[in-house]
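Heads up: the structure comes next, in structure tokens.
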Amino acid sequence: MRQILTFFAILFAFTAEAAARGGEYDLHILNNADPALTASQLAAPSSRFEPVSSDLNGVLEARSETGVMWLRISKVSGCTDNPWMAAKFPYLTDTQLYAFDEAPGYGAAARQPEIRQVSRLPFLYPAWPLGHASGSLAEDYLLRIDYPDKVILPLHIAAPQAVAGEAVIFAFVSLALIILLAGQAVQAILIYGGRSRPDSHAFIGFAAAASAYVFISSGFLHALTAGQLALDMKSLLLISQAALVWMAVEFVRTSVPSGAVFPLGLLLRGLQHAAALTILAPYLWAPLASVCFLFAFLLAPLAIFGVLAWRMAKGETGAAGLLLAWSPTLLATIWVFSRLLGLTPYLAINHYIVGIALFLTSLRFNAIVSLKYRRDAHAARHDTLTDLPNRRALEDVAERYEAGRFSIHALAMIDFMKFKAVNDTFGHAVGDRLLAHIGHNARRILPKGAEIYRIG
């Protein structure tokens, strides 16, 4: 049911985004800007701005060496009198938008244009209303972006209901994923927390880390703490990514046979430590940081995917389940990271794909752990040869009977005479087959409400 609801939420999001009619505008950029520059200094026409090709589905991709870039948006048209502008990139936590009109007069009579700062709307990603109360638009807008990394920025100018609708859908999908992932972690703690199993502990860690990652990457953390805490969002995001990769790999590592040391074990350990190094990426030598990212989020996932597929082809137990479980997150991570390298296109689904993939992987991981617990619980109370309830199951029934919570109308003890002769004459394999056959027939002919146990 949860998968169906998630699917329809995604479908609704894509339908709304496709139906939203955006405006047209001219876009210019001043990259590698001096952080000391102000909007007043840049309001006058300046050759320092370079034109950027922009259309309805245009996406600005740039990286600033100084960590500051300015965008000049002008000639806004093709939408309502009071359009809104959204910069659909939740990682942008420090942005300012200024509106101004060209100053009247020429030459010495020209005056400095009046600049007003536009208040940001309370969305998870930056958004601003462009129109005055009178319904008129400014001639130009200046957008300052402080971000020390590559920016993949879809600028969308459209009617307020379209921009707000997209923002609400994005917030709804993000919040739903956070709640579902956190809920799985809490559920696993309540069910598996008291039992010491490495795979269940790894699953709890994965679900919690996935919830934290979506909480940070969607912009919820910044929206809830804006103006209260000065958080380094990029470092927090790197930490959450590293924790997520570590716990996902730990789950796979604890779920494979103990003898699987090479090549899967080495790859898994290498991926974990490379992911841990990405926490230090802002402080590492740039080429080394790039190598860590490339290995942790592209090369190693591809290698592990191949190894799991190879192990599945060999028919090894659990390999198919792990491959199916990890495939969504692996492929989504590769898709999004490849966008940074220019290998994959930007699509609207890029905003949702990693969170949705994490949820699908978490569901599958939970199913794997649950299946193991059910098998263990079944094996603890059933005979492995005949699959009949064993002595422990009978003792549980006896305890319930003594406590007055169970009634027994009749009890019969059955012993097979001369069974030892069967083992001695035909071998233990034939004796085992005979026991299994007897157990099957006994269960088949027993009346309703009766149960047979193998106690020795």
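Basis for what follows: all heavy atoms, side chains included, without hydrogens, waters or symmetry-related copies. Position 1 is the first residue of the sequence; numbering continues from there.
- Listed by first and then second residue, the salt bridge (Lys or Arg N to Asp or Glu O under 4.0 Å) pairs that reach into residues 277-296 come to none, sequence neighbours excluded.
- Partners of Asp387 under the side-chain hydrogen bond (donor to acceptor under 3.5 Å, both in side chains) rule, at least two apart in sequence or in another chain, are His378.
- If you take CG on Asp199 and NZ on Lys372, they are separated by 4.5 Å, rounding to the nearest 0.5 Å.
- Across all non-hydrogen atoms, the minimal contact from Pro83 to Ile157 is CB-CG2, 4.0 Å.
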Working for side chain to side chain contact (heavy atoms under 4.5 Å, CB included), residues Val430 and Leu434: CA-CA 6 Å; Val430 174; Leu434 177 61; 5.5 Å; no

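- Ring pair Phe123/Trp84 is tilted by interplanar angle, where 30° to 60° counts as tilted.
- Contact record, Ile353 with Trp335: CD1-CD1, 4.3 Å, taken as the closest heavy-atom pair.
- Not one N or O on the side chain of Ser218 forms a donor-acceptor pair closer than 3.5 Å with the backbone of Ser174.
- The backbone N or O of Leu130 sits less than 3.5 Å from a side-chain atom of Tyr141, completing a donor-acceptor pair.
- The backbone N or O of Ala325 sits nowhere less than 3.5 Å from a side-chain atom of Arg364 that would complete a donor-acceptor pair.
- Looking at heavy atoms from C-beta onward, Ile368 lies in side-chain contact with Leu322 at the 4.5 angstrom threshold.
- A donor-acceptor contact shorter than 3.5 Å is absent between the side chain of Arg253 and the backbone of Ala248.
- Under the 6.0 Å cut-off for aromatic ring centres, His156 and Tyr25 do not qualify, their centroids lying 6.0 Å or more apart.
- Of the possible donor and acceptor atoms, one in the side chain of Thr254 sits under 3.5 Å from a partner among the backbone N and O of Phe251.
- Closest approach of Ser200 to Val369, counting heavy atoms only: CB-CG1, 4.1 Å.
- Within the 4.5 Å cutoff, no side-chain heavy atoms of Leu121 are placed close to those of Val163.
- Nearest approach of Gly355 to Leu177, heavy atoms of both residues: C-CD1, 3.6 Å.
- How far OG1 of Thr384 is from CG of Asp432: 9.0 Å, rounded to the nearest 0.5 Å.
- Using cut-offs of 30° and 60° on the angle between ring planes, the pair Tyr125 and Phe170 is tilted.
- In this structure, Arg433 places its CZ atom where only 12 or fewer heavy-atom neighbours from other residues, nucleotides or ligands lie under 6.0 Å away.
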Ile279 and Gln241: CA distance, side-chain angles, deciding distance, side chain to side chain contact (heavy atoms under 4.5 Å, CB included) verdict: CA-CA 8 Å; Ile279 297 175; Gln241 284 177 332; over 6 Å; no

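- Using modelled atom types, one side-chain atom of Ser240 and one backbone atom of Leu237 make a donor-acceptor pair closer than 3.5 Å.
- Distance check: His351 NE2 to Ile152 CD1 gives 9.5 Å after rounding to the nearest 0.5 Å.
- Note that CD of Gln161 and CD of Glu166 are 11.0 Å apart. Values are rounded to the nearest 0.5 Å.
- Under the ring-ring contact (aromatic ring centres under 6.0 Å, His included) test applied with Phe365, the options Phe359, Phe203, Phe206 reduce to a single match, Phe206.
- Considering Thr95, Leu155, Val59, Leu153 in turn, Leu153 is the only one that fulfils the side-chain contact (heavy atoms from CB on, under 4.5 Å) rule with Phe89.
- Between Arg454 and Leu388, the shortest heavy-atom distance links the atoms N-CB, 4.3 Å.
- For the atom pair CG of Leu277 and CG of Leu238, the computed distance is 12.0 Å after rounding to the nearest 0.5 Å.
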Go through the steps to decide whether Ser338 and Thr344 satisfy the test side-chain hydrogen bond (donor to acceptor under 3.5 Å, both in side chains), and finish with yes or no. CA-CA 6 Å; Ser338 297; Thr344 54; 5.0 Å; no

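- Arg392 has no carboxylate O lying under 4.0 Å from a charged side-chain N of Glu395, or vice versa, which leaves the two without a salt bridge.
- Across all non-hydrogen atoms, the minimal contact from Ile189 to Ile204 is CG1-CG2, 3.6 Å.
- Between the Asn31 side chain and the Arg63 main chain, a donor and an acceptor come within less than 3.5 Å of each other.
- A distance of 7.5 Å separates CG of Asn366 from CD1 of Ile191, quoted to the nearest 0.5 Å.
- Judged by distance alone, the side chain of Ser211 and the main-chain N or O of Leu181 form no donor-acceptor pair under 3.5 Å.
- Using a distance-only test at 3.5 Å, with no hydrogens or angles considered, no donor-acceptor pair links the side chain of Thr386 to the main chain of Ala436.
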